[in-house]
Amino acid sequence: MFRNQYDSDVTVWSPQGRLHQVDYAVEAMKQGSATVGIRSNTHAVLVALKRAANELCSHQKKIYELDTHCGVSIAGLLSDGRILARNLQTECASWRWDYKQPVPVAVLNERMQLKLQANTQYYGRRPFGVGLIIAGYDKDGAHIVRTDPSAEVAEMHATSIGARSQSARTYLERNLDKFAHSSPDELIAHALLSLRDTLPAEDNLSAKNTTIAVVGKGTPFKIMENDEVAPHLAAIAGVARTTAVAGGGAGGAPPPPPAPQGGAPAPAAPAAPAAPAADDNRMEE
Amino acid sequence: MDGKYGGYHTNTLNPTCTGTSVIAVVYDEGVAVMSDTVVSYGKSARYKNVTRQYKVNDRVIVAFSGDHADFHTLQNIIERQVSKWAVVGQKLNPSALYAFLTSLMYQSRCKMNPFWNTLIIAGWEDNEDGGKPFLGHITQKGVAFEAKHTATGIASHLLTQVIEDETRDKTALNRAKAESILRRAVELAIYHDCLADNEFEIGVVGKTEKASVHTQKPIIGDWSIAETNCQYE
């Protein structure tokens with residue numbers, strides 16, 4: 001069952017110069033629940049929206065600790081993401097064993113980029129259907145790194161991936177100049193506000209469905225869930241939700257209809273200006 | 001494999017061309033390392049003007065005593081580490097190299113093929129509080145420690161007490177004072193160590209000084225007391 005004659009394998013080019021299997025993998029990432037990463041000069045913060053398949057089900061883990069100085073948040077096929085998180089954990093441990101010190105985030109970026117790219121080039125493989133946001137703190141300062149299945153790995157000031165994440169990026173772009181000198185708590189507030197913008201009007205962040213992680217100068221990587229999340233949610237409860245903006249779909253506007261599947265996805269562009277994106281469809285993982 | 005040793009694999013387990021002691025001292029904003037420049041073949045001074053200090057990058061120096069050939073191998077291994085770090089835009093730092101070489105020396109000795117060197121790693125460790133000096137010592141069996149001052153070979157027996165007396169309970173040394181302690185150490189070394197030479201180098205690496213190795217003026221010393229030694233010709 002193919003959408004066209006050029007997507008039978010990851011190594012097949014389309015006449016338009018696209019690798020359709022890679023594009024489909026990027027779509028898988030865009031259908032995962034949203035996650036946001038922001039950094040200041042001294043700290044990096046991740047927040048993520050957890051999904052539960054039904055009432056009887058626990059929420060899916062979205063953020064993994066890699067080492068004392070870094071962690072990763074996942075959007076897309078969470079089972080693929082776990083493999084990559086485990087791989088990064090191994091890389092962190094191996095560097096510590098060799099040099100008795102934490103691995104520089106740049107090393108993780110390099111390894112992850114090579115691992116992701118190999119799966120877009122060899123017959124019989126498939127790309128990982130996940131995007132990652134790596135948050136870390138090392139000698140070079142705080143880092144936020146975004147990866148996607150097409151093996152694009154980029155250092156970011158702030159970013160978001162997953163379902164309706166364009167709305168979060170719109171928030172991040174509007175507030176970008178505030179991040180560099182923000183305190184960790186302020187960063188968390190900004191991250192939560194941008195994550196909230198990805199939700200339809202009838203939904204809201206709760207202590208159950210939200211995860212927060214922070215790392216930075218003098219702060220080992222720490223994941224917060226449930227009771228620890230509640231005070232941070234309370235801190236932003238008074239801030240009114242942004243009304244719908246172009247491509248946003250949050251706030252008062254009704255949720256946009258699901259976009260047609262398999263449409264040519266917009267080319268990945270880090271921190272690109274807000275554009276009505278085809279990633280606003282909310283599919284379950 | 002019916003060779004001289006009956007088919008057993010053998011490793012070289014003794015040094016050939018060697019260097020004698022290295023002495024290093026930490027001062028307030030850096031580290032100074034002294035080594036002479038003679039290569040001995042047994043007791044004979046076989047080659048002169050050969051350095052025993054390897055500048056790894058602008059914040060790490062590795063100095064060694066022991067076998068020169070083994071150190072060339074180590075130099076090659078260190079160079080590959082520098083490249084490995086460079087491809088990800090990182091600069092090899094002294095404590096990482098110290099940890100790496102400690103494991104390497106221990107692994108080699110466990111394979112019954114030790115590097116016949118004692119290594120001194122001197123450097124400036126960058127950190128978010130402005131950095132600090134680093135001085136590490138690794139033996140040929142992989143025993144390693146960090147210290148405020150250290151010496152290898154015969155100087156570790158003869159001179160560590162002298163340096164301890166000079167540094168203990170004193171206000172922090174500066175570079176000039178550290179170098180003068182090292183010069184005094186050279187003088188004592190040439191009196192007592194028949195493999196030591198009076199032509200020597202001092203390597204310096206610090207907060208403001210990028211790592212560099214400087215050839216020093218030879219020290220003659222005072223040999224008048226030698227006339228009272230009945231074995232002196």
Side-chain angles (χ1 to χ4, degrees), chain A residues 39-44 66-70 87-88 90-118 134 136-145 147 151 153-156 180-181 183-184 215-221, chain B residues 56-60 62 74 76-108 110 115 119 121-139 142-147 205 207:
Chain A
R39 72 173 174 86
S40 69
N41 293 334
T42 55
H43 289 77
L66 300 176
D67 200 338
T68 54
H69 71 300
C70 62
N87 187 267
L88 284 167
T90 309
E91 204 59 57
C92 290
S94 154
W95 190 274
R96 256 187 204 281
W97 181 251
D98 285 351
Y99 303 111
K100 310 292 182 257
Q101 59 187 228
V103 61
V105 175
V107 172
L108 297 180
N109 300 349
E110 169 85 3
R111 298 292 154 85
M112 196 41 46
Q113 202 277 329
L114 292 174
K115 189 174 173 63
L116 293 170
Q117 195 278 337
I134 301 169
Y137 180 76
D138 62 19
K139 284 205 194 72
D140 302 324
H143 301 270
I144 289 287
V145 180
T147 81
V153 176
E155 286 256 0
M156 314 291 280
H181 299 288
S183 70
V215 65
K217 185 173 183 175
T219 315
F221 190 81
Chain B
V56 176
N57 57 33
D58 62 21
R59 57 180 181 185
V60 191
V62 179
L74 286 173
N76 191 303
I77 291 167
I78 294 166
E79 236 170 76
R80 277 181 274 165
Q81 284 298 311
V82 171
S83 316
K84 178 181 165 180
W85 284 60
V87 292
V88 281
Q90 301 289 310
K91 197 184 277 179
L92 189 56
N93 52 298
S95 61
L97 183 61
Y98 168 76
F100 173 80
L101 288 174
T102 301
S103 302
L104 185 78
M105 297 294 274
Y106 182 64
Q107 189 193 35
S108 305
C110 290
F115 287 101
L119 304 175
I121 288 86
W124 184 260
E125 189 74 41
D126 286 325
N127 62 29
E128 55 206 14
D129 309 316
K132 58 178 194 290
F134 181 93
L135 176 58
H137 179 133
I138 312 171
T139 72
V143 176
F145 55 90
E146 292 171 44
V205 50
K207 187 175 192 169

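Given the structure is predicted, the values throughout are model-derived calculations rather than measurements. Chain letters run A, B, ... following the sequence lines, proteins first, then strands; residues in each count from 1.
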Exercise. Pick one of side chain, backbone, both or neither for Arg96(A), based on which atoms fall under 4.5 Å of a heavy atom in chain B.
Key: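 Neither part.
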Quiz item: Measuring heavy-atom distances to chain A, does Lys84(B) have an atom under 4.5 Å in its side chain, in its backbone, in both, or in neither?
Solution: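 Looking at Lys84(B), just its side chain touches chain A.
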Quiz item: More than 12 foreign heavy atoms under 6.0 Å from CZ of Phe100(B): is that the case here?
Solution: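 Yes, CZ of Phe100(B) has more than 12 neighbouring heavy atoms, counting only those of other groups under 6.0 Å.
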Practice problem: With rounding to the nearest 0.5 Å, note down the distance linking OG1 in Thr102(B) to OH in Tyr99(A). | Solution: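 The OH atom of Tyr99(A) is 13.0 Å from OG1 of Thr102(B), to the nearest 0.5 Å.
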Self-check item: Interatomic distance, Lys139(A) atom NZ to Asn93(B) atom CG [nearest 0.5 angstrom]
Solution: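 Answer for the NZ-CG pair, Lys139(A) versus Asn93(B), is 4.0 Å.
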Exercise. Could you have a look at Ser103(B), Ala99(B), Ala96(B) and say which one has the most heavy-atom pairs with chain A under 4.5 angstrom?
Key: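 With the most close heavy-atom pairs to chain A, the winner is Ala96(B).
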Quiz item: Would a 4.5 Å heavy-atom cut-off, applied to side chains only, mark Asp140(A) and Gln90(B) as touching?
Solution: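 Yes, at least one pair of side-chain atoms sits under 4.5 Å.
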